[in-house]
Every structure is written in structure tokens, then in C-alpha cells.
Amino acid sequence: MKTDTKTVVGAIDPDVLSFTVGEDPVLDLRLAQWDCYGTAAHVTMLTAMDVTPRIFTAEERDAILKKLADIRDTARAGSFVITDADQDCHLAIERNLTEALGPLGRRVHTGRSRNDQVATAVRLFTRDELLGTMSETVALAERLIGFAEKNREIPMVGRTHLQPAMPSSVGVWASAFGEELLDTLGILKAAYEYTDKCPLGSAASYGVPLPIDRKLTARLLGFREPIHNVLAAGNARGKMESIVISALQQVMLTLSRLAQDLILFSMPEFGYFSIPKEFCTGSSIMPQKYNPDVCELLRSKAAQVCALATGVAGIVEAMPGGYNRDLQDTKKLLMEALDTTRASLRIMARLVSGLRADPVRLRAAFEEPGVFATDRALELVARGMPFRDAYHQVRDHLEDLRGMDPDATIAKKTHEGAPFGLDFRLYANRIADGRKMIADFSEVVQKALSALLGA
Ligand code: ARG
């Protein structure tokens, strides 16, 4: 018979403890600093709460906040310790406060549950990570659009079904991915706004018989507002994670298709682009090899983020309302999805910075005359021929198209968004707007958090 392990919340069979604690002592190291802010807001609110006797005096509050700032710094430095008996960062922080401040530490959990506490810490963490993700998304979009602008006039065969379709340009190809990312930024923003509401004070999802001020704690943490209904606040855990990973999944879908195009168009058979050598790896047997491993792994990372999105949705979809321990397992999936997406965005931005277009190979790809067929048919239309007649005439004389000039052909495509109608000023404005949005969100967060617990 093993003896039970003593924890803050009672004695627990060691095997059960280790199974239920899972990876929390490691994963929660990333949440600990955020839980210090959540706890600081809660303690500040309890101090202001109109009850007799008061929970904390102003001096007691200051002593707790000082210790919380220390714990936060220790956590940031990577030296905070969570034991199995602590179970998670929340009880580890309570233990630290109690060790340092005795009875004060034992009052900190007044009027809250670990359920609203963890949901708050995860949201603070996610909000911060999403700000980083959004910046990295804009940075990659900017690189792609920069590459597009630099090579805007170089013709590139446009493809459907991977077959040559119509003359296009490197500008269209590259800025398409940039624009897709800028549009996806709107999805990330929606995920951010969903995350930017405070569950604190919902306690175990059913409120508490104390006059707590949930608007105050939300404001102290820089959240837009509290999640109003206490059960909605509890049930939103998992849903928030699912929404965020779905947004990340959208980023990864773009990265994966970009990676795939790069692999294809940098093959010797195409040679349109060259991926910088430092982003390729060699072979242990074939001396000539430079393999596009980074792009290949980006495809695989996208598949993994899709799996993580399915994983979280699976945990949440049939779960009954109120807290269930299943939710603990969403933390790892969320962190992994954020880490994977952010690392992918950063490596792709570096890769695109070093990407080179080969104008000779890009133009040589127009040798097969069929790619000009639609443009020729539309020339005939411009002279008055009905489109279907022009279509058949061109189809019957494809050889006549040989020698058409791709540069001249794409120069005629001047309408909005076409090779010579790309609006790089519009893109620059969208990039600047994106940056401004991120800076505005960050400012609100920074101001609130540094007022609460110092820089
Ligand atoms: N580590 C737990 C989690 O992430 C904290 C909440 C535990 N709550 C409970 N009722 N057991 O979900």
C-alpha cells in the first residue's frame, strides 16, 4: 500500500495524483507569471471589497503584491518550481504566498475557484501569444508583399490543375499569399477579441455569496469586460482554445500552400525560385543534394495544427456544462498550436527574405504557346468577335501563338488586382493598419499589467 501524498487540498493516492496532475507541473510554468497577475487583480479587488472585517488591509495587499511580483520574476526567469503535490501553478503560487506571508496567503483564494483562476491565466497567456502571432503574421505578409513588389513585372505562368493556364506575374503570386495573411489577420483579431474578456470571479461557474467586483478585476487585467454570466464564463474554457487554434489553423493553411508552391517551383525542372541554401539541408549519401526541408516541415506542421484543432474540439464537443477535468488537457494543445504556428511564421519570414526569382527560367516557362490562348481569344473579342467564336478559332490554331511575348501580355492586365493593377500602396496601408491595431491592443494590456504589478 502506497501512502497518500499530502496536498493543499487533501491527501491523494500518489498514482491518482500523478495521473491527474499529468504534465501540469511543466506546462504551468508558462502560466505561472500570468496567474500572478490574475491573483494580483483578485487580491486588489478583495482589498477594496466592502465587508467587515476586511479581507486585507492596504498594507497586507501591498505585501502580497510584492511577493507576487517576485514570483512573477522567478517564473519569467524560468526558476519557479511546481511540485506534484502542488498539482499546478495555482496551488504552487498559493503555497509560496503562504510560506512567505503565513495567514495572508491562506486568504488569497477567498471567493474564487481554481476554475476561474486557470481560465483567467490561460486567457492572459493567450492574449499575449496572439499579439505575438499577429505581429509575426504582419511581418511575413510584409516580406511577401515586398518580394512581390520587387519582382512585380516578372511574368510567371499562372496555373490551374497545375497545368499552364494564363500569363501571370511573380507579383501576383507572392502578394496573393501576403494578402491572404492580411485577411487572416482579421480572423486572429476576432480570436483576440473573443479572448479579451475576463472569466475571473465566476468561481466554480456559479458565483459566490460575496460582493466581489468583477468589472474591477477585468479592468485591472486590461480585459475589455467580464464574461457576464458565471456559467458562460466557465463554459467558455475550451471554446476559447478551440477558437484560437482554429484561427491558427487558418494561418497554417496559408503557410502550407506557400511552402508547397515553393517546393514545386524551386525544383530543378521549374527553377522559378531559389530557396536560400541555408534553408535547405544536404543528404548523407547524395553529394549534390539541397533539400527544401524547411518547406516540407511547414506542410507537416500545418497538418499537426489541424490535428490540434480537431483535438481540442473533440475534448469540448460532448462535455457537460461546468468545469470538467478534461479541460486541463486543452492547455498542452493550445500551447503546441501557438508554438508551432509562431515558429512557422518566423522561419517562413526569414526564408522569404532570402528568396530569389529567376527571370530567365520564369520567362522560359512560356515556351509552351497554349498559355497565351485565352489572352489571344480576348484580343479577338476586343475586335468584335463573339467570345465563343474566338475560343474555337484560337483552339484550332494554337501553334500561331508561339512566340507571343509574356511581358507584353501581362502588361495589358491592368484592372484591379491583375499583374499590372496591383496596388502596393493599398497593401502598405493594410500593413500599417495591422501594426496599429496590434500596438493599440498591446498598449491597453501593458498599461493595465504594469499598473497592477510593475514592469
Ligand atoms: N490544473 C487544473 C486545470 O488546468 C486547474 C483546475 C482544477 N480544478 C478542479 N476542479 N480540479 O484545469
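Start at 1 with the first residue, then count along the sequence.
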Quiz prompt | From CA spacing to verdict: side-chain hydrogen bond (donor to acceptor under 3.5 Å, both in side chains), Asp86, Thr83 | solution = CA-CA 5 Å; Asp86 289 330; Thr83 65; 3.1 Å; yes
Exercise. List the steps and the verdict of side-chain contact (heavy atoms from CB on, under 4.5 Å) for Asp116 and Val230.
Key: CA-CA 9 Å; Asp116 60 331; Val230 286; over 6 Å; no
Quiz prompt | Arg143 and Ser353: CA distance, side-chain angles, deciding distance, side-chain hydrogen bond (donor to acceptor under 3.5 Å, both in side chains) verdict | solution = CA-CA 6 Å; Arg143 303 279 170 95; Ser353 298; 2.5 Å; yes
Quiz prompt | Ser300/Gln304 under side-chain hydrogen bond (donor to acceptor under 3.5 Å, both in side chains): CA gap, chis, key distance, verdict | solution = CA-CA 6 Å; Ser300 137; Gln304 291 173 59; 3.0 Å; yes
Exercise. Could you please spell out the steps behind the side-chain contact (heavy atoms from CB on, under 4.5 Å) verdict for Leu327 and Glu241?
Key: CA-CA 10 Å; Leu327 288 168; Glu241 287 77 352; over 6 Å; no
Exercise. List the steps, then state whether salt bridge (charged side-chain N to carboxylate O under 4.0 Å, His left out) holds for Glu336 with Lys301.
Key: CA-CA 10 Å; Glu336 211 172 303; Lys301 301 294 176 210; over 6 Å; no
Quiz item: Taking it one step at a time, do Thr126 and Arg123 satisfy side-chain contact (heavy atoms from CB on, under 4.5 Å)?
Solution: CA-CA 5 Å; Thr126 304; Arg123 277 182 188 242; 5.6 Å; no
Exercise. Carefully, step by step, assess Asp339 and Arg30 under the rule salt bridge (charged side-chain N to carboxylate O under 4.0 Å, His left out).
Key: CA-CA 12 Å; Asp339 292 347; Arg30 294 177 74 177; 2.8 Å; yes
Quiz item: Ser202 and Leu231: side-chain contact (heavy atoms from CB on, under 4.5 Å), yes or no, with the steps?
Solution: CA-CA 7 Å; Ser202 56; Leu231 181 56; over 6 Å; no
Practice problem: Take Asp62 and Lys66 through the salt bridge (charged side-chain N to carboxylate O under 4.0 Å, His left out) test and state the conclusion after the steps. | Solution: CA-CA 6 Å; Asp62 292 346; Lys66 188 164 172 291; over 6 Å; no
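A cation-pi arrangement is found for Arg127 relative to Phe223, the charged atom lying closer than 6.0 Å to the ring centre and inside a 45° cone about the ring normal.
To the nearest 0.5 Å, atoms NZ (Lys189) and CE (Met437) are separated by 6.0 Å. For the atom pair Leu422 CG and Thr414 OG1, the distance stands at 11.5 Å (nearest 0.5 Å). Put simply, CG on Leu426 and OG on Ser175 are 10.5 Å apart, with the number rounded to the nearest 0.5 Å. Here the OG-CG distance, from Ser344 to Leu248, works out to 10.0 Å after rounding to the nearest 0.5 Å. Taken to the nearest 0.5 Å, the CZ atom of Arg214 stands 10.5 Å off from the CD atom of Glu225. Here the straight-line distance linking atom CZ of Arg112 with atom CZ of Arg114 works out to 10.5 Å at 0.5 Å rounding.
At a threshold of 4.5 Å between non-hydrogen side-chain atoms, the residues Phe147 and Phe177 do not count as touching. Contact of the Thr281 side chain with the Tyr290 side chain is not registered, since no non-hydrogen atoms from C-beta on lie closer than 4.5 Å. Side-chain contact between Pro25 and Asp84 is present, with at least one heavy-atom pair separated by less than 4.5 Å. Counting only heavy atoms from C-beta outward, the side chains of Glu149 and Tyr427 never approach each other to under 4.5 Å. Looking at Leu298 and Ser256, their side chains never come closer than 4.5 Å, going by heavy atoms from C-beta outward. Ile315 has its side chain within reach of Leu333: a pair of non-hydrogen atoms, C-beta onward, lies under 4.5 Å apart. Using a 4.5 Å heavy-atom threshold, the side chains of Val251 and Leu345 count as touching.
With Ile145 as reference, Leu182 is the one residue of Leu181, Leu182, Leu140, Val352 to meet the side-chain contact (heavy atoms from CB on, under 4.5 Å) rule.
The aromatic rings of Phe265 and Tyr272 sit parallel to each other, their planes meeting at less than 30°, with 60° as the upper class boundary.
Between Arg430 and Asp183 there is a salt bridge, with a side-chain nitrogen of the basic residue lying less than 4.0 Å from a carboxylate oxygen of the acidic one. A salt bridge links Lys331 to Asp28: one of the charged nitrogens lies within less than 4.0 Å of a carboxylate oxygen. Contact check on Asp24 versus Lys332 returns no salt bridge, with no Lys/Arg side-chain nitrogen under 4.0 Å from an Asp/Glu carboxylate oxygen. A salt bridge does not link Asp261 with Arg257: none of the charged nitrogens is closer than 4.0 Å to a carboxylate oxygen.
Gln33 and Arg72 are not linked by any side-chain donor-acceptor pair at a separation below 3.5 angstrom, with hydrogens and angles left out of the test. Side-chain contact annotation: Thr254 with Glu180, donor-acceptor N/O pair under 3.5 Å present.
Although no hydrogens or angles enter the test, the distance criterion places a donor-acceptor pair under 3.5 Å between the side chain of Asn324 and the main chain of Pro320. Under a 3.5 Å cut-off, the side chain of Asn291 and the backbone N or O of Asp293 do not form any donor-acceptor pair.
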